[in-house]
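Read the structure below first, then the notes.
All heavy atoms count here, side chains included; hydrogens, waters and symmetry mates do not. Index from 1, following the sequence.
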Amino acid sequence: MEPFIIATHRQLSRMHPLYKLLIPHYLNTMDINQAARQSLINAAGVIENGFTPARYSSEMSSKIYKDWKFNEQGLPADLLKRGMAVRDPTSPYGLKLVIEDYPYAVDGLDIWFTLKQWISDYLSLYYKDDASIKKDQELQAWWNEIVNIGHGDLKDDPSRWYKMETREEAVEIVTTILWIASAHHAAVNFGQYSYGGYMPNLPTMSRRLIPEKGTEEYSEMLRDVNAYFLKTVSTPRQATLIMAVLEILSQHAKHEVYLGQIHGSTPDWVDDSGVVEAFNRFSSKLVQLEKNVIARNNDPNLKNRRGPAQVPYTLLYPNTSDLSESGGPNVHGVPNSISI
């Protein structure tokens, strides 16, 4: 997110409509990233001490990043790339899921297209045609910095990027950024402690190779599988460290602003009735999506919604209707921004 945040502050004035749309979705992200560089992903930090790749963790991430494409980060593009969906004009949203009972995809597509509609409604108030996109010097400078400076090592491959020439492209770009900042992060982050807080459920360390049949290690494993397992996975110290970190990372802030909540989401919009009306439609739709998630989780035919442990899938429950500001390790809620 950092290249998008920096380009927004450098290239868009505070009065620019896109600045007003984006800025609530950047709340505390730079701060949390700086803290992560100090104690989470730093040399000899939590990741290097608690995960199998150890000092190669950042190097592996860097190599994987070389294949990163911005235009594959939106949910529909991601599902198509991973073979989890195919294009089908007769299906909702024009996509047919390969696994129909796929909670992340089902709930996520609802949020993606609701978010996209809100962004389309918002941008259409300021950009009446494609020509207005091309003529906006701040907008063009913003996208140019994101591609050519913020991602300078990837800028020469046009297959990675959308152009910023049409209103449709602008909507897709902004939807992708806000999806990453909100729903995508919520889906991969806030379930960490509930799933991995119990180390045997998700060991982050393997201190031994899987033994080959006929070796002494294989015989040792057969004599006492549990003892061999505990000698292989994280040590008690490593497990405790990771458990504590996962609990912190899975916490919602006390004053969290969730997607679709107008308080904290709309700087200087009160004098624009068109924006307020569009945002209210967006918010109302998200509240309806909450009801849809609950209904799916209560449907006995959708086995993957609860799984063998009978734990409902709520990571993409928007939580727009919750104004309690209670925070805590809730396994539901889609915040506006990456703040933990």
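For the pair N49 (side chain) and Q238 (backbone), a donor-acceptor distance under 3.5 Å is absent. Of the possible polar contacts, one joining the S337 side chain to the L27 backbone as a donor-acceptor pair under 3.5 Å is found. Checking side-chain atoms of D130 against main-chain N and O of R167 turns up a donor-acceptor pair under 3.5 Å. Formation of a donor-acceptor pair under 3.5 Å by the R305 side chain with backbone atoms of N298 is not found in this model. With hydrogens and angles disregarded, a donor-acceptor distance shorter than 3.5 Å links the side chain of T176 to the backbone of E172. Although no hydrogens or angles enter the test, the distance criterion places a donor-acceptor pair under 3.5 Å between the side chain of N189 and the main chain of L249. Side chain of E100 to backbone of L302: no donor-acceptor contact under 3.5 angstrom is found. Listed for the N71 side chain is a donor-acceptor partner under 3.5 Å among the backbone atoms of S159. Distance alone, capped at 3.5 Å, is enough to place a donor-acceptor pair between the S57 side chain and the A54 backbone. E290 places a side-chain N or O within 3.5 Å of a backbone atom of T320 that can act as its donor or acceptor partner.
Ion pairing between E72 and R160 fails under the 4.0 Å rule for side-chain N and carboxylate O. Between E217 and R208 there is no salt bridge, since no side-chain N of the basic residue sits under 4.0 Å from a carboxylate O of the acidic one. The pair D110-K285 fails the salt-bridge criterion, with no side-chain N (NZ, NE, NH1 or NH2) lying under 4.0 Å from an Asp/Glu carboxylate O. A salt bridge links R82 to D78: one of the charged nitrogens lies within less than 4.0 Å of a carboxylate oxygen. Salt-bridge annotation for E138 and R14: absent, with no side-chain N of the basic residue lying under 4.0 Å from a carboxylate O of the acidic one.
Residue V287 belongs to no hydrophobic cluster, having no ILVMFWY side-chain heavy atom closer than 4.5 Å to its own.
R55 is listed as a side-chain neighbour of E48, based on a closest heavy-atom distance under 4.5 Å. Here the side chains of L75 and Y104 are in contact, with some heavy-atom distance below 4.5 Å. Residues D107 and Y317 have side chains not in contact (no heavy-atom distance under 4.5 Å, counting atoms from C-beta outward).
Linking Ile, Leu, Val, Met, Phe, Trp and Tyr whenever their side-chain heavy atoms come within less than 4.5 Å puts L125 and Y127 in one cluster. Under the 4.5 Å side-chain heavy-atom criterion for Ile, Leu, Val, Met, Phe, Trp and Tyr, I47 and M205 are members of distinct hydrophobic clusters.
Ring geometry for F190 versus H185: interplanar angle over 60°, hence perpendicular rather than tilted (30 to 60°). Ring-plane geometry between W118 and F282 is classed as parallel, the angle between the planes falling under 30 degrees on a 0 to 90 degree scale with a further cut at 60. By the 30° and 60° cut-offs, the orientation of the rings of W179 relative to W112 is perpendicular.
For the residue pair Q140/D136, the side-chain donor-acceptor check at 3.5 Å is not satisfied.
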Next on the checklist: Apply side-chain contact (heavy atoms from CB on, under 4.5 Å) to residues K116 and V171 and explain how you reach the verdict.
Outcome noted: CA-CA 7 Å; K116 186 174 183 178; V171 169; 3.8 Å; yes
Next on the checklist: Under the criterion side chain to side chain donor-acceptor pair (under 3.5 Å), I'd like the reasoning laid out for Q38 against N42: C-alpha separation, chi angles, the key distance, then a yes or no.
Outcome noted: CA-CA 6 Å; Q38 282 190 325; N42 59 308; over 6 Å; no
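When each of W143, F70, Y26 is checked for a ring pair (Phe, Tyr, Trp, His ring centres under 6.0 Å) with F4, only F70 meets the rule.
The distance between the ring centers of H151 and W161 falls below 6.0 angstrom. Taking the six-membered ring wherever Trp is involved, the centroid distance between the rings of Y122 and Y126 falls below 6.0 Å.
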